[in-house]
Asks: 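Below you will find the structure I want to go over with you.
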Amino acid sequence: MKGDAMKDEKVLKQVIQAEYGQAARRAKQGKASCCGSGSILEDGKLDPITQNLYDTEETVGLPSEALMASFGCGNPTALATIQPGETVLDLGSGGGIDVFLSARRVGPTGKVYGLDMTDDMLALARENQRKAGVTNVEFLKGEIEDIPLPDNSVDLIISNCVINLSPDKSRVFKEAFRVLKPGGRLAVSDIVVRGAIPSEIRHSVELWAGCVAGALDENDYLSKLTAAGFEHVSLEPTRVYTADDARDFIIGAGLDVEVVAKAVDGKFLSGFIRATKPTVETACCSPGCCS
């Protein structure tokens, strides 16, 4: 990677850490945040990306701070098949909501890891774990491009609107492939793009931190998974965002809200992405897949 690209990646991660560190502190204070442009939605408005993702029955018994620190775009634990005794990894685990829901599904013989790079978020997740009395989980500090787990150690990887934050998604998918056991599954919720979007969005650091600027085209997303070695790759749209939704999540990014909102009407969507690691690894046949 060239020096300028490495510098840009470092700056971007620093911005993301700062935004989500602030969000963790707000959640600890009992204040809900959002996955918008990094600003807090006002006047009681719900963020169009993160609202209404979990049923009340699902979150009974979990600390309210875990739900307040949920900045996802879906509910991967509701759509993924999670079996008792499995080992699950949540990439970008935030306040721990998906970790705790997965822990219930894997039961006492299973294990769930939550991986996050933000100290404040990890501290909040561990405090939520203590409050919830959950013992079959462990929160790890690290980056999703360099997962601190051994090869072939995980049955299932979940993630909730985090992979889009990474500036090197191909590396994320290669790492996910590495740590999954043969036959292991990837089941993530993420933001993807359908069609061309204005360049101003791609160049907005605030919107990178807000889940939209780094979103891949849906076909590119699936192609990168295939290049990493995955099979049975699919994407199921779960929510398509309108121009009205876009007005909310681009506020505070310094863009012409009305113009940009119309230009992205129906082009951003939340999707549930599934992929499987082959039970027997096949020969490398894709350019760069063995690099």
Side-chain angles (χ1 to χ4, degrees), residues 52-62 66-67 70 72-115 125 129 132 134-140 144 147 149-164 169 172-192 218 221-222 224-226 228-239 269-282:
N52 302 325
L53 300 180
Y54 301 94
D55 293 334
T56 304
E57 293 80 5
E58 288 182 281
T59 59
V60 170
L62 296 181
L67 189 57
S70 170
C73 57
N75 184 350
T77 61
L79 296 173
T81 301
I82 304 176
Q83 301 291 348
E86 289 193 314
T87 299
V88 178
L89 168 63
D90 181 13
L91 299 179
S93 48
I97 181 71
D98 293 319
V99 171
F100 302 138
L101 293 176
S102 298
R104 290 176 175 174
R105 304 267 292 279
V106 301
T109 61
K111 179 70 175 283
V112 184
Y113 293 99
L115 177 65
Q129 178 186 358
V134 182
T135 59
N136 59 339
V137 310
E138 181 179 350
F139 290 98
L140 307 172
I144 62 176
I147 299 172
L149 287 174
D151 297 355
N152 306 313
S153 59
V154 175
D155 296 294
L156 171 67
I157 290 177
I158 63 172
S159 185
N160 200 346
C161 204
V162 171
I163 294 174
N164 68 80
K169 297 170 182 64
V172 175
F173 296 144
K174 289 178 182 179
E175 274 291 275
F177 189 88
R178 177 185 67 79
V179 301
L180 279 172
K181 300 174 183 178
R185 297 102 62 210
L186 179 87
V188 304
S189 294
D190 217 345
I191 299 289
V192 295
E218 57 183 332
Y221 202 114
L222 300 182
K224 286 182 181 294
L225 282 168
T226 300
F230 286 97
E231 61 182 12
H232 307 308
V233 175
S234 66
L235 188 153
E236 174 188 347
T238 53
R239 183 181 296 177
L269 58 96
S270 295
F272 186 63
I273 298 99
R274 294 179 174 89
T276 304
K277 182 174 179 176
T279 53
V280 177
E281 292 193 36
T282 57

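No hydrogens, no waters, no symmetry mates; every other heavy atom, side chains included, goes into these values.
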Asks: Work out which heavy atom in Leu225 is nearest to a heavy atom in Ala275; give both atom names and the distance.
Replies: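 For Leu225 and Ala275, the tightest heavy-atom pair comes out as CD1-CB, 4.4 Å.
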Asks: Short question: side chain of Asn164, backbone of Asp190 - any donor-acceptor pair under 3.5 Å?
Replies: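 No.
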Asks: Tell me, please, which residues at least two apart from Glu231 pass salt bridge (charged side-chain N to carboxylate O under 4.0 Å, His left out).
Replies: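 With sequence neighbours excluded, Glu231 shows a salt bridge (charged side-chain N to carboxylate O under 4.0 Å, His left out) to no residue whatsoever.
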Asks: Nearest 0.5 Å please: distance from the OH atom of Tyr113 over to the CG atom of Leu149.
Replies: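 These two atoms lie 6.0 Å from each other.
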Asks: When you measure from the side chain of Ser270 to the backbone N and O of Thr238, does any donor-acceptor pair fall under 3.5 Å?
Replies: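 Side chain of Ser270 to backbone of Thr238: no pair is present.
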Asks: Search all heavy atoms of Leu235 against all heavy atoms of Gly271 and return the closest pair with its distance.
Replies: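 Reported closest heavy-atom pair: CD2-CA, 4.4 Å.
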Asks: Could you grab the distance from atom OG1 of Thr279 to atom NZ of Lys181, nearest 0.5 Å is fine?
Replies: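 If I round to the nearest 0.5 Å, the distance is 14.5 Å.
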Asks: Looking at Cys161, is its backbone amide N or carbonyl O close enough to the side chain of Ser189 to form a donor-acceptor pair, meaning the two atoms are under 3.5 Å apart?
Replies: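 Not confirmed, Ser189 side chain does not pair with Cys161 backbone.
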Asks: Work out which heavy atom in Ser159 is nearest to a heavy atom in Asp90; give both atom names and the distance.
Replies: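 Scanning both residues, the minimum pair turns out to be CA-OD1, 3.7 Å.
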Asks: Can you tell me how far CG of Leu180 sits from OG1 of Thr276, rounded to the nearest 0.5 angstrom?
Replies: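 So the gap between those two atoms works out to 9.0 Å.
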Asks: For the backbone of Thr81 and the side chain of Arg105, can you confirm whether one donor and one acceptor N or O come within less than 3.5 Å of each other?
Replies: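 Such a contact is absent between Arg105 side chain and Thr81 backbone.
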Asks: Checking Ile144 against Glu175 for the side-chain contact (heavy atoms from CB on, under 4.5 Å) test, could you report, in this order, the C-alpha distance in whole Å, the side-chain angles of both residues, the deciding distance, and whether it holds?
Replies: CA-CA 8 Å; Ile144 62 176; Glu175 274 291 275; over 6 Å; no
Asks: Contact between Gln83 and Leu156 at the side-chain level, heavy atoms closer than 4.5 Å - yes or no?
Replies: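 The answer is no, as the side chains (C-beta and beyond) never meet within the 4.5 Å cut-off.
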Asks: Check whether any side-chain heavy atom of Leu91 lies under 4.5 Å from a side-chain heavy atom of Ile147, and answer yes or no.
Replies: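 Sidechains of Ile147 and Leu91: in contact.
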Asks: Can you tell me how far apart CG (Leu62) and CZ (Arg104) are? Round to the nearest 0.5 Å.
Replies: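 If I round to the nearest 0.5 Å, the distance is 4.5 Å.
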Asks: If every non-hydrogen atom of Val134 is compared with every non-hydrogen atom of Ala103, which pair is closest and at what distance?
Replies: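 For Val134 versus Ala103, the nearest heavy atoms are CG1-CB, 3.9 Å.
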Asks: Can a donor-acceptor pair be found, under 3.5 Å and without considering hydrogens, that links the side chain of Glu218 to the backbone of Val192?
Replies: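 Pair absent, no side-chain N/O of Glu218 close to backbone of Val192.
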Asks: Measure the OG-CZ distance between Ser153 and Arg178 for me, rounded to the nearest 0.5 Å.
Replies: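 One gets 7.5 Å once the value is rounded to the nearest 0.5 Å.
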Asks: Report the distance from atom CG of Leu115 to atom CD1 of Ile157, rounding to the nearest 0.5 Å.
Replies: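 Nearest 0.5 Å value for the CG-CD1 distance: 10.0 Å.
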Asks: Okay, side chain of Arg185, backbone of Ala80: is any donor-acceptor separation there less than 3.5 Å?
Replies: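 No, the answer is negative, given that no donor and acceptor are paired below the 3.5 Å cut-off.
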Asks: So, applying side-chain contact (heavy atoms from CB on, under 4.5 Å) with Thr77, which one of Ile97, Ile158, Val99 is it?
Replies: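 By the side-chain contact (heavy atoms from CB on, under 4.5 Å) criterion, Thr77 pairs with just one of Ile97, Ile158, Val99: Ile158.
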Asks: Whether the side chain of Asn136 engages the backbone of Gly107 through a donor-acceptor N/O pair (distance < 3.5 Å, no angle test) should be reported.
Replies: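 Yes; at least one donor-acceptor contact below 3.5 Å.
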Asks: Would you find a donor on one side and an acceptor on the other, under 3.5 Å apart, between the side chain of Asp155 and the backbone of Thr87?
Replies: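 Judged by distance alone, yes, a pair lies under 3.5 Å.
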Asks: Provide the closest heavy-atom pair for Thr109 versus Gly85 in the form atom of the first, atom of the second, distance.
Replies: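 Shortest heavy-atom contact: OG1-CA, 3.3 Å.
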Asks: Kindly say whether Val106 contributes a backbone atom to a donor-acceptor pair with the side chain of Glu86 at under 3.5 angstrom?
Replies: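 Flag not set: sc Glu86 to bb Val106 has no pair under 3.5 Å.
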Asks: On a heavy-atom basis, which atom in Ile82 and which in Ser102 lie closest, and how many Å separate them?
Replies: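 Result for this residue pair: CD1-OG, 3.8 Å.
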Asks: Taking the six-membered ring for Trp, are Phe177 and Phe230 parallel (under 30°), tilted (30 to 60°) or perpendicular (over 60°)?
Replies: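 Aromatic pair Phe177/Phe230 classed perpendicular.
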